[in-house]
Amino acid sequence: MAAPVTNEWKWFSALALGVSLLKCLLINAYHSTDFEVHRNWLALTHSLPLSKWYFEDTSEWTLDYPPFFAWFEFGLSHLAACFDSEMLAVQNLNYASPATVLFQRLSVIVTDVVFIYAVKECCRGVWDEKRKDLLEQPSFILATLLLWNFGLLIVDHIHFQYNGLLFGILLLSIARHFQGRHLEGAFLFSILLNLKHIYLYITPAYGIFLLRCFCFTCSNADRSVQWRSFSVLRFTVLGLIVLSTFALSFGPFIALGQLPQVFSRLFPFKRGLCHAYWAPNIWALYNVADKALTVLGVKLKLLDITKIPKASMTGGLVQESQHSVLPSVTPLATLICTLLSILPALVHMWFRPNGARGFLRCLVMCALGSFIFGWHVHEKAILMAILPYSLLAVEQKEDAGIFFILTTTGHYSLFPLLFTAQELPVKILLMLSFTVFSFTSLKQLFRKGGRLLSTSEAVYLLGLVPLGLVCECVYPLTTWQKSFPFIPLLVTSVYCALGVIYAFIRLYILLFTFTDCGTEAKMKSQ
Amino acid sequence: METWSLISVCVFLGLTTRWAVSFNSYSGAGKPPMFGDYEAQRHWQEVTVNLPVHEWYFNTTDNDLNYWGLDYPPLTAYHSLLCAHVAKLIDPTWVELYASRGHESPSHKLFMRATVFIADLVIYIPAVLLYCFYLRDGSAKRRVAVALCILLYPGLILIDYGHFQYNSVSLGLALWAVVGLGLGQDLLGSVAFSLALNYKQMELYHSLPFFCYLLGKCVKQGLTGRGLFLLLKLSVTVLLTFALCWLPFLSDPGQVLQVLCRVFPVGRGLFEDKVANTWCSLNVLIKIRTILPSQIQLLCSFVLTLLAALPSSVKLLAKPTLWQLKLALVNSSLAFFLFSYHVHEKSILLPALPVCLLINDLPLMSIWFLLVSNFSMLPLFMKDGLLMPYVVTTLGFLFFSVYLLSALERTTVAELRLESYQRLTHACLPTLNLCSVVKWKFFLSLVGMAALSLASMLLDPPAALPDLFPVLISVFSFLHFLGLFVYFNLVQLTEPSGRKNQKKAN
């Protein structure tokens, strides 16, 4: 490994530079309202005192990220002033001059450096074998899967968000755990939580892992916990790190007595079960089942039309919805479902810990479980499972198969995010190149272990092609587009939900049946 | 990874780049009354779909030739007609006579971009792939790398998807002709080239090598036997193709003459704007246009062009191989670009195409040429608001071509094909290391291009010299083109007679 590092990582810089240039080309592409959201945050953090950050409501896009992200915007706003100071006025709603667009786009591209660095660290962490062909080297495949990730590209660089920075910190934290630098990993993760609280979903995996594998220093021979090995020092240091990060973040607001206001902005439970466009999860299936039962009930005269509540789940607005036949779902119910869905994985990690790899697997399951059962989940949240899972996909054939199903359906479900005709070719081309690359490279990597996908899985995934043709090209030309614009979205999320849930089940089966001897043997040989 | 998936990923990347460039502005966007090439193409659709064929090239009450009159050969007109019919289906106001002049809307832009995209996808890209996979030897990975580099050449992308033109059609057809000749399908090749010539008259730049190659082949087979038969077959094919393209105009000689007058506008002057050719660069020192009468200018440029193209054509005639054909294409089109009459800056794409074909044989020199050719169009890109895509695609091409083709490592004297030149210099300068000299020149030239690009983006020219940067850019590029013209001629003319036309691939 100590051999000429410069040569070894030349391909890495090529990959990173290539994707950065591609990002620059997308500067003039369509951007969603998230662009205005972040401009507004730039403006309000720049022109208002700290005490007003979480009270300001000139724009409907109020600040609803934790304080560190507000500080990040505050820092950016000073650079923004060099580009166009007009964008920093809170009253300037929907301001998008060319300089503003350039600045905001560049800020995403430049902060992606964190992501690139994290990917490099991750590539060092995976079990790598030198192969003659660079294209078959696991670290090369992993770097491409992460750097050129289709979802991240379109969500960050077309739709507009700062996920590259956030996932960079997450991956870096994971890489630190792989390298055994657990305190650093924990520190990074607590920073991440204070940047965007959606990562609370994977906190259980972090908590159990740090407690079990870091605070307890030894295990018995059968991998059960050795209660006496609990290290108070480690526990204290860990607690101090986490608490001090949170104190730094929320402390000022506690001092100002604004904590309830901040929390009401961070956790708006007024929103509905599903986002305007349903994320491909269990609730999409639930909604459809409810609709189908309603129609059936009316047909069979079991239901009275006048008594059915007007459901507006697909109206395009974020609203609370009621179901007509099935019981309506409350936030508490989704919370319980989520916890139940990830509990077996957490218990498994406690009793049969498998180092950083076991932790990563558990993290992916937490992310996926909360995606499937969570309240008001965005389709973009699937990236939280896809990106970390890439690390496991290049190490083991079973994971590669599941990963491919998960990424393809998860990425496809992002299609409705870009609905403009101009971006249609780009999203299709990028999706195709990512999918073709991931499939062929993973197939080649594990060519000795048999097929990656079973026939039925392949047929299901190929079904996405006609689905895409109909939903993206044919349906918009028909007259139904006017009266039922939500049908393609509904079909897409239901179809993808099947794949995502299937991947989740397969992951559980793998967790409980596979003994990890493959990876263990590999790790020992390393 | 299998080759097919590598190829498809490369093609997808090339297409993504193209489409992403098309998000940007086009020539003459929001600039009434004349707008730019985008409006010209739209106007041709309007004219061809609304007027009968015999009025297309004539100045009539319905067809004002001063407002972007049709000045390309018939095939372009037919292409416009085809696009116009599609446009009419989508939104008839896009091509309404008179009323649609200067029409601009996001949906129309999308439509126009899509027509370029489709033409590219159907003609140019398959030709590139065919060239890379049937005519090149070497590992699959190397071929894919060559294909990617050719597909990422920024000049063509920026002109077609930024500025707005359909160069990928004419260049693609010319490439089909090269592929046809390379595969031994001479008839197919000559049909493809005739079509290219009927799409854009600028393809004349490439015509000498094609002619000499085919003639040389006939001569080789014996002009009394099989060669004569081949010659006859070829001439009939070419004549038929031309006749087919000109069919609607053949009824009246006046029509043909008028089309020719429109296609070759000799009255438009020796050069226009700032072009990196001899005349414009010489103009800095001597004002030729005022000294010489226009007839003499025309004659002068004609003779010089022929003289410059002659050596490579004669060599090709004597030795009709694919390798010679590619070099002759470069030399002839460069000679036309440097010396012929009324050259546009965009015409540098014509030499750039055959240079793309040499990118694996002479990596460093080809990349150098392609970069300069792209740089020479910078003033145009700046006028069109394409600065960002220019910078991004140029950096991408520079980095990936140098990295993927290991251009900086493959620089021995043999690989640069400078053996004969070295023998010459060895006599007077025995210690001279030719390879490092070339590399240093390459780096210096990169620095020069970067500096001039930055200067013209950031600095205001002095009031007395408003055209300072465009002139500097064109003279800088001209010197490079001249030097590389000599180099490519040297490579072609000094090729030993026994050498195989295709080099061993590394």
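As the structure is a computational prediction, the values presented were derived from the model and not from experiment.
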Asks: Using non-hydrogen atoms and a 4.5 Å limit, figure out which bit of B:Leu13 sits close to chain A: side chain, backbone, both or neither.
Replies: side chain
Asks: Is it the backbone or the side chain of B:Thr17 that comes under 4.5 Å from a heavy atom of chain A, or both, or neither?
Replies: both
Asks: Step by step, work out the side chain to side chain contact (heavy atoms under 4.5 Å, CB included) result for A:Leu429 and B:Val11.
Replies: CA-CA 9 Å; A:Leu429 288 168; B:Val11 172; over 6 Å; no
Asks: Which heavy-atom pair separates B:Leu395 from A:Leu21 by the least distance, and what is that distance?
Replies: C-CD1, 4.1 Å
Asks: Could you check whether any side-chain heavy atom of A:Val436 comes within less than 4.5 Å of a side-chain heavy atom of B:Phe12, counting everything from C-beta outward?
Replies: yes
Asks: May I have the step-by-step check of side chain to side chain contact (heavy atoms under 4.5 Å, CB included) for B:Phe23 and A:Leu26, ending in yes or no?
Replies: CA-CA 8 Å; B:Phe23 294 162; A:Leu26 296 174; 4.1 Å; yes
Asks: Let me know if B:Thr393 has heavy atoms under 4.5 Å from chain A in its side chain, its backbone, both or neither.
Replies: side chain
Asks: Non-hydrogen atoms of chain B under 4.5 Å away: do they reach the side chain of A:Leu445, the backbone, both or neither?
Replies: neither
Asks: Does any backbone or side-chain atom of B:Leu15 lie under 4.5 Å from a heavy atom of chain A? Answer side chain, backbone, both or neither.
Replies: both
Asks: Looking at CG of A:Leu25 and CZ of B:Arg18, how far apart are the two atoms once the value is rounded to the nearest 0.5 Å?
Replies: 12.0 Å
Asks: Do the side chain of B:Trp19 and the main chain of A:Gln422 share a donor and acceptor less than 3.5 angstrom apart?
Replies: yes
Asks: Check A:Ser433 against B:Val9 and note the closest heavy-atom contact, atom names and distance.
Replies: O-CG2, 3.9 Å
Asks: What's the shortest heavy-atom distance between A:Ala14 and B:Tyr403, and which atoms?
Replies: CB-CE2, 3.7 Å
Asks: Can you tell me if A:Lys397 has over 12 outside heavy atoms packed within less than 6.0 Å of its NZ?
Replies: yes
Asks: Would you say that more than 12 heavy atoms from the other residues, nucleotides or ligands in this model lie under 6.0 Å from the CH2 of A:Trp480, or not?
Replies: no
Asks: Please report the interatomic distance CG(B:Leu110) to CD(A:Glu423), rounded to the nearest 0.5 Å.
Replies: 9.0 Å
Asks: Check whether any side-chain heavy atom of A:Leu135 sits under 4.5 Å from a side-chain heavy atom of B:Lys141, and report yes or no.
Replies: yes
